[in-house]
Amino acid sequence: VILALQTARYLIKVVNEARLRPDEPVAGSVAYVQDTPLGEVDLADPSADLVATLLALMKDRARAVAADLAEDFNAATAAGADFDAALNSVAVLGWHATECHCMYVMALNAVEAMPKQVEDPAALAALVTLLELVLLQAVKEDAGNFALGRAQQRLAQQLITERLDRVRPDAVVLSDSLGFQDHNLK
């Protein structure tokens, strides 16, 4: 909890600094706070890379929630709250902003690392499918924070089902790759 609130404090600071100095670059992991809002996306677009689309959604959610966090914190301080009281007033949103930030950074790191670290094309394909599944599930569970209409939310559920069917044959190999012995999985 303490680390989450420290991250929330950092996000508030970065968003406020980005607003004050929009021409100055922001640190890499939070550079998204300077991005413009994501437009409409289509999860069914066959010409689009689904992982790239999902990553863009994660990034946009992190941006939007961090902006909301800073706005609410600033409103609390403008209403007379001291720093600690203002931070306490946005603690739940701060936790959520941290969660959104971490999910985006985890996904970005996975996208960047997998092609470099996994040489076997079949293993890479299984891991990409697993990443798609994780990101789709995050979109479905937190649909209110994404720029997706009802039809796209339903499509996310269909894509989850398709990815489950696709990853099921690789379940044993994926489990084995994590290093757990069979007797530990029973």
Side-chain angles (χ1 to χ4, degrees), residues 1-19 24-39 41 43 48-76 83-84 86-118 124 126-148 152-153 156-157 159-160 163-164 167 174-175 177-180:
V1 171
I2 293 169
L3 289 175
L5 292 179
Q6 288 294 89
T7 302
R9 287 176 64 169
Y10 179 66
L11 290 170
I12 292 166
K13 175 185 169 199
V14 168
V15 169
N16 285 336
E17 287 177 358
R19 288 178 179 163
E24 292 183 25
V26 175
S29 69
V30 289
Y32 59 79
V33 302
Q34 293 179 309
D35 288 355
T36 57
L38 183 65
V41 298
L43 296 176
D49 175 1
L50 182 60
V51 170
T53 300
L54 292 168
L55 190 61
L57 283 168
M58 294 292 151
K59 182 179 180 182
D60 191 61
R61 174 181 72 156
R63 179 205 52 77
V65 175
D68 290 347
L69 174 63
E71 184 177 317
D72 290 359
F73 175 84
N74 294 339
F83 182 86
D84 289 333
L87 191 59
N88 284 338
S89 76
V90 297
V92 173
L93 183 55
W95 176 273
H96 183 56
T98 298
E99 179 183 39
C100 294
H101 169 77
C102 290
M103 186 66 170
Y104 166 65
V105 171
M106 180 279 307
L108 178 63
N109 288 342
V111 166
E112 291 175 352
M114 284 191 305
K116 296 174 188 171
Q117 300 296 324
V118 181
L124 181 59
L127 288 171
V128 168
T129 299
L130 190 60
L131 179 61
E132 289 173 347
L133 184 58
V134 167
L135 297 178
L136 283 163
Q137 189 65 33
V139 167
K140 182 177 180 321
E141 289 178 0
D142 196 19
N145 279 285
F146 293 99
L148 295 176
Q152 289 293 303
Q153 292 174 33
Q157 179 60 57
L159 293 171
I160 288 169
R163 293 322 182 267
L164 285 169
V167 81
L174 287 168
S175 295
S177 73
L178 297 173
F180 295 107

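Heavy atoms only: backbone and side chains are in, while hydrogens, waters and symmetry mates are out.
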After noting the C-alpha distance and the side-chain angles of V30 and H101, does the key distance pass the side chain to side chain contact (heavy atoms under 4.5 Å, CB included) rule? CA-CA 8 Å; V30 289; H101 169 77; 3.6 Å; yes
Starting at CG of N16, measure out to CD of E71 and round the result to the nearest 0.5 Å. 10.5 Å
N/O donor to acceptor pairs below 3.5 angstrom from side-chain atoms of residues 127-136, sequence neighbours left out:
residue: T129; atom: OG1; partner: A125; partner atom: O; Å: 3.0
residue: E132; atom: OE1; partner: R163; partner atom: NE; Å: 2.5

Over all heavy atoms of both residues, which pair between V139 and A156 is shortest? Give the atoms and the distance, please. CG1-CB, 4.5 Å
Closer than 3.5 angstrom, by distance alone: can the side chain of Q117 be matched with the main-chain N or O of A110 as a donor-acceptor pair? no
Roughly how far apart are K140 NZ and F146 CZ, rounded to 0.5 Å? 12.5 Å
Quick one: does any side-chain atom of Q137 pair with a main-chain N or O of I160 as donor and acceptor, under 3.5 Å? no
Q153 (side chain) donor-acceptor with L148 (main chain) under 3.5 angstrom: yes
With the side chain counted from C-beta on, respond yes when F73 and V15 share a heavy-atom pair under 4.5 Å apart, and no when they do not. no
May I ask you to test the V1-W95 pair for a side-chain heavy-atom distance under 4.5 Å? yes
Under 3.5 Å donor-acceptor pairs involving side-chain atoms of residues 55-70, not counting sequence neighbours:
residue: K59; atom: NZ; partner: D35; partner atom: OD2; Å: 3.1
residue: D60; atom: OD1; partner: L38; partner atom: N; Å: 2.9
residue: D60; atom: OD1; partner: R63; partner atom: NE; Å: 3.0
residue: D60; atom: OD1; partner: R63; partner atom: NH2; Å: 2.9
residue: R61; atom: NH1; partner: D142; partner atom: OD2; Å: 2.7

Got L43 and L54 here, is their nearest side-chain heavy-atom distance under 4.5 Å? yes
Under the side chain to side chain contact (heavy atoms under 4.5 Å, CB included) rule, what do N74 and R19 come out as? Steps first, then yes or no, please. CA-CA 12 Å; N74 294 339; R19 288 178 179 163; 4.1 Å; yes
So which heavy atom on S29 is nearest to which on V105, and how close? O-CG2, 4.1 Å
Distance in Å, L164 CG paired with L159 CG, rounded so as to fall on 0.5 Å steps: 11.0 Å
Between P115 and L124, which heavy-atom pair has the shortest distance, and what is it? N-CD1, 4.2 Å
